[in-house]
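A short worksheet on the structure shown next.
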Amino acid sequence: MSVHFEEKSGVVPCKTPWGCWYQTMEEVFIEVQVPPGTQSRDIRCRLGIRDITLAVRDKQILEGRLYDSTIGDESTWTLEDKKLIRIVLTKSNRDAGNCWPSLLEGEYSADPWLQDQMQKKLTLERFQRENPGFDFSGAEISGNYSKGGPDFSGLQN
């Protein structure tokens, strides 16, 4: 579901020295620019439940403790066009309120404005899932959207 929502509404990327990262309710995407002509054998990547290590041609690119836990068996990396590494981490907590403020603990943090935009995006994604007949891809949101927005689960039909 999130793929279609993201295709329509775009992503909110957090720029880094090596590329960028962005997130949906279910996944965190990491895009790393590497020298053209990079081969898969040049890459060492380890994706753990709470940690990540990425080196290209024995040069450390990314290493540390992830902001939150992931499902290690569902996380993947690919090399695209011999110049881009795309890593997909599956979040353990898939609530709209689980908006990662940084990729790693203390590193690659989104600034406050960008964090706000990420949270809005996840809240709209949540609304889209709860109301599949509506299109929230171009919607604007204001008010209480932190931690995934208001909880309407207690309302009766």
Side-chain angles (χ1 to χ4, degrees), residues 1-34 45-54 61-81 83-157:
M1 166 91 52
S2 64
V3 172
H4 300 294
F5 183 76
E6 292 303 315
E7 285 175 359
K8 285 182 161 185
S9 62
V11 298
V12 180
C14 182
K15 301 289 184 194
T16 66
W18 38 259
C20 71
W21 69 275
Y22 56 94
Q23 62 187 309
T24 65
M25 283 176 58
E26 294 184 349
E27 297 168 320
V28 174
F29 297 84
I30 304 168
E31 296 180 353
V32 180
Q33 302 295 327
V34 295
C45 185
R46 192 175 68 71
L47 306 173
I49 293 171
R50 278 298 303 258
D51 57 287
I52 186 171
T53 303
L54 175 65
I61 305 289
L62 188 58
E63 181 175 30
R65 187 165 171 84
L66 294 167
Y67 176 78
D68 202 354
S69 63
T70 61
I71 302 172
D73 293 347
E74 294 182 16
S75 298
T76 61
W77 68 270
T78 56
L79 175 62
E80 299 177 11
D81 300 324
K83 62 182 179 180
L84 175 74
I85 298 172
R86 187 180 315 271
I87 300 171
V88 181
L89 306 172
T90 303
K91 292 179 176 180
S92 294
N93 178 353
R94 299 176 186 176
D95 296 329
N98 184 30
C99 184
W100 290 19
S102 64
L103 179 61
L104 303 179
E105 289 183 351
E107 289 187 80
Y108 310 116
S109 297
D111 64 50
W113 182 85
L114 189 59
Q115 176 67 24
D116 186 63
Q117 297 304 304
M118 287 178 166
Q119 184 61 69
K120 284 180 182 180
K121 181 68 100 182
L122 295 187
T123 302
L124 287 172
E125 184 180 349
R126 181 192 129 208
F127 290 165
Q128 182 69 56
R129 287 170 182 246
E130 292 173 352
N131 303 281
F134 294 94
D135 181 5
F136 290 91
S137 61
E140 291 291 325
I141 189 170
S142 63
N144 178 19
Y145 54 84
S146 66
K147 301 291 183 201
D151 181 8
F152 298 117
S153 62
L155 296 177
Q156 295 181 350
N157 292 336

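Remember, predicted model here, so these are calculated numbers, not experimental data. Index from 1, following the sequence.
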query = Going from CD on Gln33 to CD1 on Ile85, what distance comes out if it is rounded to the nearest 0.5 angstrom?
reply = 10.0 Å
query = Short question: side chain of Arg94, backbone of Met25 - any donor-acceptor pair under 3.5 Å?
reply = no
inquiry  = Donor-acceptor pair, distance only, cut-off 3.5 Å: does the side chain of Asp81 make one with the backbone of Lys83?
reply    = no
key: Spacing of OG belonging to Ser102 relative to CH2 belonging to Trp21, to within rounding of 0.5 Å   = 6.5 Å
message = Looking at every non-hydrogen atom in both residues, tell me the closest pair between Ser69 and Trp100 and how far apart they are.
response = O-CZ2, 4.2 Å
task = Might you confirm whether atom CG of Asp73 has over 12 heavy atoms from other residues, nucleotides or ligands at distances under 6.0 Å?
result = no
query = Backbone N or O of Glu26 within a donor-acceptor pair of the Thr24 side chain at under 3.5 Å?
reply = yes
inquiry  = Treating Asn93 as the side-chain partner and Asn98 as the backbone partner, does any N or O pair qualify as donor plus acceptor under 3.5 Å?
reply    = no
request  = To the nearest 0.5 Å, tell me how far Arg126 CZ sits from Asn131 CG.
outcome  = 9.0 Å
ask   = Taking NZ, NE, NH1 and NH2 as the nitrogens, is one of them in Arg129 or Glu125 under 4.0 Å from a carboxylate oxygen of the other?
value = yes
inquiry  = Quick check: closest heavy atoms across Tyr22 and Arg86, and the distance to 0.1 Å?
reply    = OH-NH1, 3.9 Å
Of Lys120, Gln119, Met118, the residue whose pairing with Asp116 passes side-chain contact (heavy atoms from CB on, under 4.5 Å) = Lys120
message = Rounded at 0.5 Å granularity, tell me how far CG in Leu89 sits from CG in Leu47.
response = 6.0 Å
message = Would you say that Leu54 contacts Ile87 through its side chain, given a criterion of any heavy-atom pair below 4.5 Å between the two side chains?
response = yes
key: Atom pair CD1/CG of Ile52 and Leu103 - distance to nearest 0.5 Å   = 6.5 Å
key: Minimum heavy-atom distance between Cys99 and Gln115, given as atom pair plus value   = SG-NE2, 3.4 Å
key: Verdict with supporting geometry, Leu104 and Leu62, side-chain contact (heavy atoms from CB on, under 4.5 Å)   = CA-CA 9 Å; Leu104 303 179; Leu62 188 58; 3.9 Å; yes
inquiry  = Between Lys91 (side chain only) and Gln23 (backbone N and O only), is there a donor and an acceptor less than 3.5 Å apart?
reply    = no
Rounded distance (nearest 0.5 Å) linking atom CD of Glu107 with atom CD of Glu63 = 9.5 Å
message = Could you check, using the six-membered ring where one of them is a Trp, whether Trp18 and Tyr108 have ring centers closer than 6.0 angstrom?
response = yes
Worked verdict on Asp51 versus Arg46 for side-chain contact (heavy atoms from CB on, under 4.5 Å) = CA-CA 8 Å; Asp51 57 287; Arg46 192 175 68 71; 2.3 Å; yes
remark   = For Cys14 and Leu114 the tightest heavy-atom approach is CA-CD2, 3.5 Å
message = With side-chain contact (heavy atoms from CB on, under 4.5 Å) as the criterion, how do Val28 and Leu66 come out once you've worked through the C-alpha distance, each side chain's angles and the decisive distance to 0.1 Å?
response = CA-CA 10 Å; Val28 174; Leu66 294 167; over 6 Å; no
